[in-house]
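In what follows, chains are A, B, ... by sequence order, proteins preceding strands, each numbered from 1.
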Amino acid sequence: MESEDLQIGPEIFGELLQGCVYERAIHTGQQIHARILKNGDFFARNEYIDTKLVIFYAKCDVLDVANRLFFRLRVKNVFSWAAVIGLNCRMGFNEEALIGLVEMQQMGVFPDNFVLPNVLKACGALALVGVGRAVHGYTLKVGFDGCVFVGSSLIDMYGKCGFLDDARKVFDGMIERNVVAWNSMIVSYVQNGINEEAIKVFHEMRSEGIELTRVSLMSFLSASANLDALEEGKQGHAIAIIGGLELDNIFGSSILNFYSKVGLIEDAELAFSIIVEKDIVTWNLLISSYVRHGLVEKALNMCHLMKSKNLRFDCVTLASILAAAADTSNLKLGKEGHCYCIRNNLESDVAVASSIVDMYAKCERIDDAKGVFNSITNRDIVTWNILLAAYADFGLSGEALRIFYQMQLEGVSPNVISWNSVILGFLRNGQLNEAKDMFSQMQSLGVQPNVITWTTLIAGLAQNGHGNEAILVFQNMQEAGIKPTAASITCALSACKDMASLRNGRAFHGYVTRHDLCLLTPIATSLVDMYGKCGNTHQAKRVFDMVLSKELPLYNAMISGYALDGQAGEALALYKHLQKEGIDPDNITFTNLLYGCNHAGLINEGLELFCSMISKHRVNPSMEHYGCVVSLLCRCGNLDEALRLVVKMPYDPDAHIIGSLLAACRAHQENELADYLSKHLLQLEPENPGNYVAISNAYAAAGSWNEVSKVRDLMKEKGLRKYPGCSWIQIGEEVHVFLAGDRSHSNTEEIYAILASLGMEMRFNAEILHS
DNA sequence: ATAGGGTTAG
């Protein structure tokens with residue numbers, strides 16, 4: 001363009017602009033635009049050039065100029081309409097894109113196969129399947145259905161709207177399919193959680209010899225990650241390497257995401273390290289992965305590293321940090337995160353604000369949580385559910401219910417998670433009927449209980465002493481076609497354990513074996529626990545031996561089983577073995593061991609254990625630990641030492657300890673002290689039947705059966721007939737009650753002896769064997 | 001036309 005005299009026709013300028021469109025050369029295009037204006041009306045009012053200018057500015061994403069030029073166009077053809085609709089679509093102005101479609105038709109311009117993909121994209125984004133269907137009908141009528149671009153867009157639109165069958169029908173009906181069509185089908189499945197089908201289509205695509213793109217692999221990796229499909233995903237990674245696909249930050253992140261979701265943290269770290277151009281998403285992925293796997297330290301180190309590289313945290317980073325604070329109940333960290341959000345205006349994001357509420361709730365600052373919640377203006381269902389869950393978790397069922405109604409008044413209808421929390425709140429507060437009522441209400445309102453609803457109910461019933469009902473609910477869940485999780489089975493086994501119901505426990509063991517779930521550590525631990533509490537240490541040991549990598553809870557369960565069964569020697573042997581394996585015992589281990597020693601009368605071992613627990617293992621003794629030792633001392637006749645320990649310990653003695661002392665006093669004819677202790681016990685908890693049992697125990701230990709009867713009459717008078725946590729025996733017409741599972745008392749052998757002398761068997765009341 | 005990250009319930 002050296003000379004203005006040179007005769008250049010409008011077509012040349014058009015061609016030049018087209019070149020700028022291809023290159024997205026905004027500055028060159030603007031210079032050409034200037035030259036056109038300079039050349040006067042002959043050029044500037046040329047329809048062809050005007051249209052090209054609109055297309056140019058539209059393709060370069062200059063919205064205002066493109067719109068202004070388009071508005072001024074005298075003749076709007078299909079090309080300029082396509083450009084403007086496409087631009088609106090790219091900018092996310094989906095409504096405008098659809099309005100454009102309607103206007104162009106009103107002006108007599110009909111959409112072609114360049115406009116339709118954009119229109120369909122807008123339908124998908126707005127989930128307007130009705131409009132999408134109409135467009136689909138139009139494509140069939142006009143005969144665009146052979147176009148791969150239109151076909152792919154239809155698949156995508158149906159996929160985004162959740163109509164997978166329609167998407168599949170379009171896919172199957174396509175005469176010609178390119179990579180994008182295949183990819184759209186796979187992506188649709190992944191986005192709708194139908195990961196298995198996505199993987200199937202991916203394999204089909206490969207066997208048809210279609211050359212994969214990064215998009216194919218990214219969606220495949222996503223499906224593999226969602227399914228925890230380790231081998232599939234690794235294979236995808238290998239295909240990417242062999243195919244030499246460029247590993248940009250987006251593709252790299254999807255590999256990183258896969259490894260982190262399947263729990264291969266080291267591989268995720270490796271993927272992170274080889275991504276050259278790390279962006280905020282890359283960092284966030286690794287950080288959230290650390291948080292998900294409880295590696296809070298590593299997550300925070302990453303944040304510091306980000307800071308040192310002058311990268312700013314965004315909403316997602318903060319959500320991870322706040323989740324880390326919530327998980328570890330780290331209020332200091334949580335407050336730091338909260339402050340960062342305020343300083344950087346991140347609390348306007350719902351997800352971040354919700355994380356702040358959750359963080360305060362998990363740090364037991366429910367009032368702060370409520371305060372932040374109140375300040376959130378754009379609450380969504382998740383925000384409401386977080387607050388609801390917080391109240392439910394604390395057993396504040398009334399508050400939870402208030403929130404549940406309030407959210408509905410504000411137009412947010414509760415989902416399964418909301419209902420689950422309300423039910424949990426009631427169960428935590430012991431309101432079983434209210435919980436069950438909610439459970440049926442949700443169903444009549446059309447909200448289907450999921451596996452968590454069922455498990456919550458099972459756990460709640462079991463924990464409130466309704467084991468049989470818990471087991472019935474487990475059966476109902478199966479009848480409803482809900483597959484139990486490890487947690488559901490653990491809860492059911494715990495119900496069997498609490499009822500000492502070997503019959504039910506065995507049935508669940510069968511279930512677990514049939515479904516190949518024996519090797520899951522939490523389930524194996526529950527089985528050992530159940531067999532142990534049911535007195536079948538033989539079976540417990542068989543399950544225990546089957547577990548390959550044994551962890552502390554499993555040892556604790558087995559030790560507890562031996563201890564309860566009076567096999568203190570076995571329990572102590574296991575304790576030695578555990579230490580040889582390099583596992584540190586915890587306070588539960590010692591509770592069980594001390595109880596075992598107490599139960600078996602191993603006085604020296606018990607006292608030695610207590611000393612080594614404090615001095616060597618630095619375990620702060622609990623009331624239960626003291627209880628066992630007091631009982632041991634009482635048993636070996638050292639009442640004075642027992643009393644000294646009780647005075648010295650940093651707790652107010654509980655009913656168990658007083659019971660031990662009481663029995664020892666009666667046995668030593670220290671009746672004055674015994675009477676004092678009895679009185680004290682009843683003052684402590686006048687309505688607790690366990691205390692009457694302890695008093696009666698003490699008389700029984702001293703052989704004063706008349707007094708035992710008197711205490712029983714007193715109980716009857718007070719209406720205290722149910723006494724959880726104790727066992728009874730029947731001798732002729734007399735029923736004598738004893739504490740069972742009482743760690744400070746072990747009169748089982750004495751009872752056996754009495755019964756044997758009477759030629760009778762012992763009968764345990766299964767329901768109350770264990771408290 | 002297709003692609004990557006964060007918040008809720010056991």
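- Contacts of A/I386 with the nucleic acid, taken as non-hydrogen atoms under 4.0 Å apart, involve only primed sugar atoms and P, OP1 or OP2.
- Residues satisfying the ring-ring contact (aromatic ring centres under 6.0 Å, His included) criterion with A/F272, sequence neighbours excluded, are A/W283.
- Evaluation of the salt bridge (Lys or Arg N to Asp or Glu O under 4.0 Å) test over residues 247-259 of chain A, restricted to residues two or more places apart or in two chains, returns A/R214-A/D248.
- Among the atoms of the strands shown, base atoms are found under 4.0 Å from some heavy atom of A/T485.
- Using a 4.0 Å heavy-atom cutoff across all strands shown, A/S219 reaches no nucleic acid atom at all.
- Non-hydrogen atoms lying under 4.0 Å from DNA chain B are contributed by A/V316, A/A319, all within residues 316-325 of chain A.
- Counting any heavy atom pair closer than 4.0 Å across all strands shown, A/Q463 reaches no nucleic acid atom.
- If you check every strand for non-hydrogen atoms under 4.0 Å, A/N118 touches sugar and phosphate atoms only.
- Among the protein residues, A/I250 comes within range of the nucleic acid bases, having at least one heavy atom under 4.0 Å from a base atom.
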Name every donor-acceptor pair, under 3.5 Å, that has one atom in a side chain of residues 222-229 of chain A and the other anywhere in the protein, sequence neighbours excluded.
from	atom 1	to	atom 2	distance (Å)
A/S224	OG	A/F220	O	2.8
A/N226	ND2	A/N195	OD1	3.1
A/N226	ND2	A/S222	O	3.3

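- With sequence neighbours excluded, the residues that form a side-chain contact (heavy atoms from CB on, under 4.5 Å) with A/N378 are A/V350, A/I376.
- Reading DNA chain B from its 5' end, the first and the last nucleotide to sit under 4.0 Å from a heavy atom of chain A are B/dA1 to B/dG10.
- Under the side chain to side chain donor-acceptor pair (under 3.5 Å) criterion, the residue pairs touching residues 269-279 of chain A are A/N249-A/D279, A/E269-A/Y290, A/E269-A/K298, A/D279-A/T282, with sequence neighbours excluded.
- Donor-acceptor pairing under 3.5 Å is recorded for the side chains of A/N420 and A/T453.
- A heavy atom closer than 4.0 Å to some atom of DNA chain B occurs in A/F149, A/S152, A/S153, A/D156, these being the qualifying members of residues 148-159 of chain A.
- For A/S329, there are no side chain to side chain donor-acceptor pair (under 3.5 Å) partners at least two apart in sequence or on another chain.
- A/R292 comes within 4.0 angstrom of sugar-phosphate atoms only, judged by non-hydrogen atoms across all strands, and of no base.
- Sorted by first and then second residue, the salt bridge (Lys or Arg N to Asp or Glu O under 4.0 Å) pairs involving residues 169-178 of chain A (not counting sequence neighbours) are A/R168-A/D172.
- With sequence neighbours excluded, no residue forms a ring-ring contact (aromatic ring centres under 6.0 Å, His included) with A/F149.
- Applying the salt bridge (Lys or Arg N to Asp or Glu O under 4.0 Å) rule to pairs touching residues 414-429 of chain A yields A/D393-A/R428, sequence neighbours excluded.
- If you check every strand for non-hydrogen atoms under 4.0 Å, A/A389 touches sugar and phosphate atoms only.
- Between A/A83 and A/A58, the closest heavy-atom pair is O-CB, 3.6 Å.
- Nucleic acid contact class of A/K278 (heavy atoms, under 4.0 Å, all strands): none.
- Residue A/V382 is classed as a base contact, given a heavy-atom separation below 4.0 Å to a base.
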